[in-house]
Amino acid sequence: MNDEFKQRLNKYYDELKWLYCELYENRADELERLCSNIYGFYDERKPELKALDRKRAADPDWYKKGGITGMMMYTDSFAGDLKGVAKELDYIEECGVNYLHLMPLLDSPEGRSDGGYAVSDFRRVNPKLGTMEDLEALAGECRKRGISVCLDFVMNHTSEEHEWARRAKAGDWEYQNRYFFFNDYGIPAMYERTVPQVFPVTAPGNFTYNHETGKFVMTTFYPYQWDLNYSNPVVLSEMIYNMLFLINKGIDVIRIDAVPYIWKQLGTSCRNLPQVHSIVRIMRIICEIVCPGVLLLGEVVMEPDKVVPYFGSPEKPECHMLYNVTTMAATWHTAATKDVRLLRRQLDIVNSLPKEYVFLNYLRCHDDIGWGLDYDWLKQFGIAERSHKNFLNDFFTGELPYSYGRGELYNSDPLSGDARLCGTTASLCGIEKAEYENDEAALERAVRFDLTLHAYMLSMSGIPVIYSGDEIAQLNDYSYHGVPSKRADSRYIHRGRFSRDDAAKRNDVSTVQGRMFKGLKKLIDTRSGSPLFSCDAAVYTIDTGSDSLLGVVREKDGKRLTELYSFSENELTAQLSREVDGKDLISGKKLSGREIKVPAFGSYWLLENIK
Ligand code: GLC
C-alpha cells in the first residue's frame with residue numbers, strides 16, 4: 001500500500017472498524033478483505049483522477065461556490081447513445097451547464113427496467129447506449145471541458161436478471177442470502193403490516209412469488225427489482241466494489257438511489273433505519289480514502305426531518321448533497337394556490353440549516369411530484385391533507401375550470417384516494433394549454449411563469465439542476481400511452497425524446513423555445529458569474545405585503561440581491577420595508593423605491609451595494 005492510501009486509511013480506520021463491527025458483529029475478517037480490495041481500486045485509479053482528487057481535497061468547498069449548473073438527461077432520449085451525448089457537449093455548454101446527470105445507463109432488461117433502475121450488470125453499459133469505453137471516453141471529454149458527470153448507483157436492488165438473482169433462482173443459497181427469500185408468505189405478511197408501499201397501484205405489495213424457487217422474494221419497488229440484503233456483509237463489499245468500478249471510469253458524482261430503503265427490519269417501516277446511516281457513512285469514508293474528489297448525492301425523497309440526517313454531522317458527514325424535495329413540492333403547491341406562505345416557511349427552514357449542507361435544487365426530475373407538504377402547518381388555514389392533494393392534482397391535470405396545468409396522475413390509488421403527479425415544467429406552467437388554444441397572451445404569461453420558477457430555483461443556495469428539455473420548454477409526451485410496457489407508468493409523460501427541431505429554434509426569440517432558452521441562459525450566466533449565489537451567502541425571506549409575491553434577499557461581500565417572484569396572474573405591487581435602489585439583473589432595468597410593481601408571473605433580481 002502506498003503512503004497516500006495508508007495515510008487516508010489511518011485517518012478513518014478506527015471509525016470505519018467501529019461502524020463496521022457494529023453492523024456486522026465479529027466480521028473483522030470481511031473488513032480486512034474490504035480494505036485490501038479498495039486499495040486495488042485506489043491503485044488502478046488513473047493519475048489524472050488522482051490529481052483531481054488532490055485538487056478537490058485541498059479545496060473541499062469547490063462545489064459550493066455557486067458556479068455549478070446541472071442538467072439531467074436520459075442518454076437515449078437526448079442523443080441516442082453515449083457517443084451521441086459526447087457529440088452534443090457543445091450544446092450542453094451552450095446551455096451554461098457544467099454538471100451532467102446521465103440517467104441510469106447500465107445493462108437492464110428491456111421492458112422490465114424501471115427506466116434503467118433495475119440493473120442486471122453494474123459493470124456493463126446497456127449495449128443500446130454504448131460500452132464502458134464510451135462512458136469512460138465521455139467522462140474524459142467532460143473532464144477536459146470542466147463538466148462534472150453524475151451517475152446513478154442503484155444499490156437497494158438488482159434486476160431479477162442480475163447474475164446473483166439468476167444463481168439465487170437456480171437454488172444457490174449463498175446467492176439467495178444476498179436477497180430476502182422466504183419459504184412461505186408468513187414473514188412477508190408480517191412485514192406488510194408495517195411497510196408502506198412505494199408503487200401502490202403499478203406494483204402493489206412488497207413481496208413477489210418466485211416460481212423457480214417456490215419462495216417469496218422482497219421487492220419494494222417493481223416485482224423485477226429484488227431488494228438486496230445488506231445485513232449480509234458480502235453484499236455491502238461487492239456493491240462498494242461496483243461503485244468504485246464506476247467511479248474509476250471518471251464519474252464525479254454518485255447519486256445513491258433510494259438510499260433510505262437499504263436496510264430492512266421486521267416490525268419497522270424499513271425506511272431510514274439507523275443502519276442506513278452507518279452504511280452511508282461507510283461509503284463516504286471509503287470515498288474519502290479512495291477517491292476524495294467524488295461527491296455523494298443522496299436520493300432521499302422523504303419528509304424534511306428524515307432528509308437532513310443524511311448530511312450526517314459536520315464531523316461525520318454522510319452525503320455531500322441531497323435533493324431539496326420538500327421545497328420542490330412546496331413550489332408547485334404555491335403555483336396552484338398562488339399563496340407563498342408555505343413556501344416562505346419552507347425556505348426559512350432550509351436557510352436556517354448549516355451552510356455546509358448543500359441541496360440539489362430542481363423544479364422537475366424524471367420522477368413524479370409527491371405532495372409531501374407540512375399539513376400540520378397548513379391546518380391553520382383550514383387546509384386538510386386529503387382534499388388539498390385532490391385540489392393540487394385537479395389543478396395540474398386541468399380538471400378545474402381556471403387551471404392552466406396539463407399533467408397526469410401517478411399511482412392514483414382508489415383505495416387510499418392518494419395520487420401523485422407527472423408532467424413537464426412547461427406543460428405544468430400552462431405552455432401546453434396556451435399553445436393548444438392558440439392564446440398568445442396566455443402563452444406569454446406561461447413562458448414568463450416558467451422563467452420565474454427557474455429564476456427562483458436557480459437563485460437558491462446549492463446546485464440547480466435543469467431537467468433536459470426544460471430549456472426549450474418541452475411539452476408532455478403522450479406517446480407512452482401506446483407502449484404496453486410503459487402505459488401504466490405515467491412518469492414516461494415527462495421522459496419524452498428531446499426534440500432537435502425545437503432545439504434548433506433556440507436562437508429565434510419569436511418562438512417559445514427561443515424565449516425560454518434566452519431567458520434561462522441569462523439567468524444561468526448571471527448566477528454563475530456572481531459570488532452572491534455561493535452557499536455561504538446570507539439568505540432570508542422578506543415580507544412583500546402580498547401573499548402572492550415571494551421575496552428573498554441574498555447578501556454577500558457588500559452586495560445585496562432582493563429577489564421578487566410573482567405567483568399571480570395580475571400585476572402586483574410589492575410593499576417593501578425599506579427603500580431599494582439598484583439594477584434588475586434579469587431585465588437590466590433600474591428600480592428604486594419602497595413600492596415595486598411586479599408584472600403578472602414576473603420576477604426581479606435587484607442588485608444593490610450595501611451602504
Ligand atoms: C428512485 C428513482 C426511481 C426508481 C426507484 C427505484 O426513486 O428515482 O425512478 O423507480 O428509485 O429504483
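Note that ligands are numbered from 1 as they come in the structure, with each ligand's atoms numbered from 1 the same way.
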Using the test side chain to side chain contact (heavy atoms under 4.5 Å, CB included), find all partners of P484 that sit at least two apart in sequence or belong to another chain. R487
Residues in side chain to side chain contact (heavy atoms under 4.5 Å, CB included) contact with T194, at least two apart in sequence or another chain: none
R166 pairs by salt bridge (charged side-chain N to carboxylate O under 4.0 Å, His left out) with which of E212, E160, E161? E161
Under the side chain to side chain contact (heavy atoms under 4.5 Å, CB included) criterion, do L105 and Y74 qualify, and how do the steps go? CA-CA 8 Å; L105 46 74; Y74 285 93; over 6 Å; no
The side-chain hydrogen bond (donor to acceptor under 3.5 Å, both in side chains) partners of Y456 (sequence neighbours excluded) come to T331
Please verify the inter-ring angle class for Y179 with F181; under 30° counts as parallel, over 60° as perpendicular, anything in between as tilted. perpendicular
Report all N/O contacts between ligand 1 and the protein shorter than 3.5 Å as a table of atom names and distances to 0.1 Å; if there are none, say 'none'.
| residue | atom | partner | partner atom | Å |
| --- | --- | --- | --- | --- |
| ligand 1 | 7 (O) | E299 | OE1 | 3.1 |
| ligand 1 | 7 (O) | E299 | OE2 | 2.8 |
| ligand 1 | 8 (O) | R255 | NH2 | 3.0 |
| ligand 1 | 8 (O) | E299 | OE2 | 3.3 |
| ligand 1 | 8 (O) | H366 | NE2 | 2.8 |
| ligand 1 | 8 (O) | D367 | OD2 | 2.4 |
| ligand 1 | 9 (O) | H366 | NE2 | 3.1 |
| ligand 1 | 9 (O) | D367 | OD1 | 2.8 |
| ligand 1 | 9 (O) | D367 | OD2 | 3.4 |
| ligand 1 | 9 (O) | R491 | NH1 | 3.2 |
| ligand 1 | 10 (O) | D114 | OD1 | 3.3 |
| ligand 1 | 10 (O) | D114 | OD2 | 2.6 |
| ligand 1 | 10 (O) | R491 | NH1 | 3.1 |
| ligand 1 | 11 (O) | D257 | OD1 | 2.9 |
| ligand 1 | 11 (O) | D257 | OD2 | 3.1 |
| ligand 1 | 12 (O) | H157 | NE2 | 3.0 |
| ligand 1 | 12 (O) | D257 | OD2 | 3.0 |

